[in-house]
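Taking it in order: structure first as structure tokens, then the write-up.
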Number of protein chains: 2
Amino acid sequence: MTTIKDIAKTAGVSVTTVSRALNGYSDVNEATRKKIMETARQLNYAPNTIARSLVMKKSKTIGLLVSGFIRESVKDNFMLDVLSGANDYISNTDYDVILFNTNSSKQREKTYQQLCRERQVDGVIIQGIKTDDPYLEEIVNGDTPCVLVDIPKMGTKTGYVMTDNVAGAYDAGKHFIDLGHEKIAMINGHNQAFVSKERLEGFEKALSESGLSLVEVMNGDFTEESGRQCLHDLIQQHPEITAVFCASDLMAIGALTALKELGKTSPDDLSIVGYDDILLARYVTPALTTVSQDIHGLGYEAAKMLVGLLNDEKPDKTIIKHELIIRDSSQRFQ
Amino acid sequence: MTTIKDIAKTAGVSVTTVSRALNGYSDVNEATRKKIMETARQLNYAPNTIARSLVMKKSKTIGLLVSGFIRESVKDNFMLDVLSGANDYISNTDYDVILFNTNSSKQREKTYQQLCRERQVDGVIIQGIKTDDPYLEEIVNGDTPCVLVDIPKMGTKTGYVMTDNVAGAYDAGKHFIDLGHEKIAMINGHNQAFVSKERLEGFEKALSESGLSLVEVMNGDFTEESGRQCLHDLIQQHPEITAVFCASDLMAIGALTALKELGKTSPDDLSIVGYDDILLARYVTPALTTVSQDIHGLGYEAAKMLVGLLNDEKPDKTIIKHELIIRDSSQRFQ
DNA sequence: TTGTATGCGTTATCAA
DNA sequence: TTGATAACGCATACAA
């Protein structure tokens, strides 16, 4: 491992000069710079970012929380899409991404702030945690620049990125109403998720504007299996419903499965609208009508905002556009 | 940012003692240790891994190459599944994962070795690069422990993890033969990919054992669109074929699309077998018969091997099991 | 234009 | 059981 010291020695100059030559300072003679560059190349020199970080107090790394980075969450592409979007932006900067796991029991006791400070990341993108996470406040009020995904909280160094869940769910509700449905239910996520409240709110708003109210709200946990369970319960308790709004595509797909198990089909027996527009949505049969979120864009914008924060811009909030994608799982009530 | 120096000052001891107390050395008085621990807690101390790395010459980070981490590769879950698998293993160790981008033009000129040395990673997992990548040799022969995914090359510090592509493709060929097909074609990936050669080899072996030979081999580039293109060309040139083996599920899905565009259906007009068993495979219609690779396991085993290398184990090769998953896109020739 | 000296936060060596 | 002190590789204030 060659260091600037080695270069200095073989080039016959001081480490200071080497450092300045390598970093493109103007106050170094062209001849010596050439010589230094050349010996650096010959010695196959690579700067040690660790050492640089220590003295600069900047690690040029961005932390990305991937708690619960488990197989189920791989299926739901959400976390990976955010990661991919963030990475796409960051790859065009001089930052690198470091993955923070919090699902391992070992690190469970560490707060997000501790993780950040130990690894000395310059900033962090936090996603996939619950609104009542005990360590959330701490990081929001901490001094590590931070961007939250789908959690609307601001701090002096904290901004957030999210989709307008109220409006998205409202569109889903409006869609059902436009199609003439009246017996409508919802399969929501768990109540600790901020998006659950928002989507319920937006959906109910659309119904109430037409003088309707929800027949029932079941609570799943966003997974395919919970969607399946909920639909079974739903049909048993309220066989009259003709339309169901699911707070995630995965739950909607589970609901589709349950429907098949009951010998029924969508959209003939039940119109279903999901949320997220995950990759699978367009490939299942029937293709899922859903509220599309640009999840990749969510990660991209989060990274962009974070890099902005690192350049001393003010914290902000970004709302990513949504769109109702009408496919085959919803149709006019007949 | 409190340091051990601060702790030393307020606890009235030397930094040496603080360091040893915090790291659980035995040669420190219980009383002083208690005091140190307590003040560390009060001062909300978090150790600076950067400083530690510098002196220990170990960063406790593992680099993961995610070159071409683009949206198309998100659709194909391969890279993300490997990432997820690697992360799953690593999250149970005391290593962290750092993502290395090489798709950005800026970093294109840097070799993998340079990336590793600059970030001082203890080891690296390399995936998604071509066999003729000019920088591959360098890293294989370098001194950074390294595990290659799907590239069979060994070095003093380099092992690899892959699936048995020859055997997998052989199974696909055997499947067609068992179903009575005789006019068989293949849509392969590009020739720079090692897996392309392997899959062709295995598939041809199965056919030749039954006295058959391939009607045609088209070369795509593993993407959905290329599969679509290839199938169009194939049908036009060889309308007699009854079965096609695609070297990736994505290409198989593209082929399915092309078939629909031609007003034909699978498996009635054409039996199709894919490769990878990506998530989509079971959700498309018809559900895709494919050779399943445990991609998550590939990443998991790669990480496991790498951590082994970091503990001075010898480089090794691991073959991940494959399995032919028979679904609806293939049927008996009639 | 160049060099000397100092410090970043930590661990390790050695002596007390 | 403890504490000075020197490293690790780099950047920078200051002096020359």
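Proteins get letters first, then strands, A, B, ... in listed order; numbering begins at 1 in each.
- A side-chain donor-acceptor contact under 3.5 Å links B:Thr111 and B:Glu138.
- Checked against B:Glu38 for a salt bridge (charged side-chain N to carboxylate O under 4.0 Å, His left out), the options B:Lys34, B:Arg41, B:Lys35 give a single hit: B:Arg41.
- Side-chain nitrogen and oxygen atoms of A:Asn48 include none within less than 4.0 Å of the OP1 or OP2 phosphate oxygen of D:dC8.
- Residues B:Thr49 and A:Gly12 both approach DNA chain C. Their nearest nucleotides, taken by heavy-atom distance, put A:Gly12 toward the 5′ side.
- Distances shorter than 4.0 Å separate some side-chain N or O of B:Tyr25 from OP1 or OP2 on C:dA12.
- Nearest nucleotide to the A:Arg20 side chain, out of D:dA4, D:dC14, D:dG9: D:dC14.
- Counting atom types as modelled, B:Thr16 pairs a side-chain N or O with a base atom of D:dA4 as donor and acceptor under 3.5 Å.
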- Item | Intermediate values then yes/no, side-chain contact (heavy atoms from CB on, under 4.5 Å), B:Val97 and B:Thr61 | CA-CA 6 Å; B:Val97 176; B:Thr61 58; over 6 Å; no
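- Using a 4.0 Å heavy-atom distance criterion, A:Thr32 is classed as a sugar-phosphate-only contact.
- As a whole-Å value, the separation of A:Met56 CE from D:dT12 C1' is 10 Å.
- Among the heavy atoms of the strands lying under 4.0 Å from A:Asp27 is at least one base atom, whether or not backbone atoms are also near.
- Residue A:Lys57 places at least one side-chain N or O under 4.0 Å from the OP1 or OP2 atom of C:dG9.
- Residue A:Tyr45 places at least one side-chain N or O closer than 4.0 Å to OP1 or OP2 of D:dC10.
- Between B:Ser19 and C:dT11 there is a side-chain polar atom (N or O) within less than 4.0 angstrom of OP1 or OP2.
- Nucleic acid contact for A:Val55: base, since at least one base atom lies under 4.0 Å from a heavy atom of the residue.
- Within the 4.0 Å cut-off from OP1 or OP2 of C:dG9, not a single side-chain nitrogen or oxygen of B:Thr3 is found.
- Stacking of B:Lys60 on the aromatic ring of B:Tyr95 is recorded, both the 6.0 Å distance cut-off and the 45° axial limit being met.
- Considering only the side chain of B:Val15, D:dT5 comes nearest among C:dG9, D:dG3, D:dT5.
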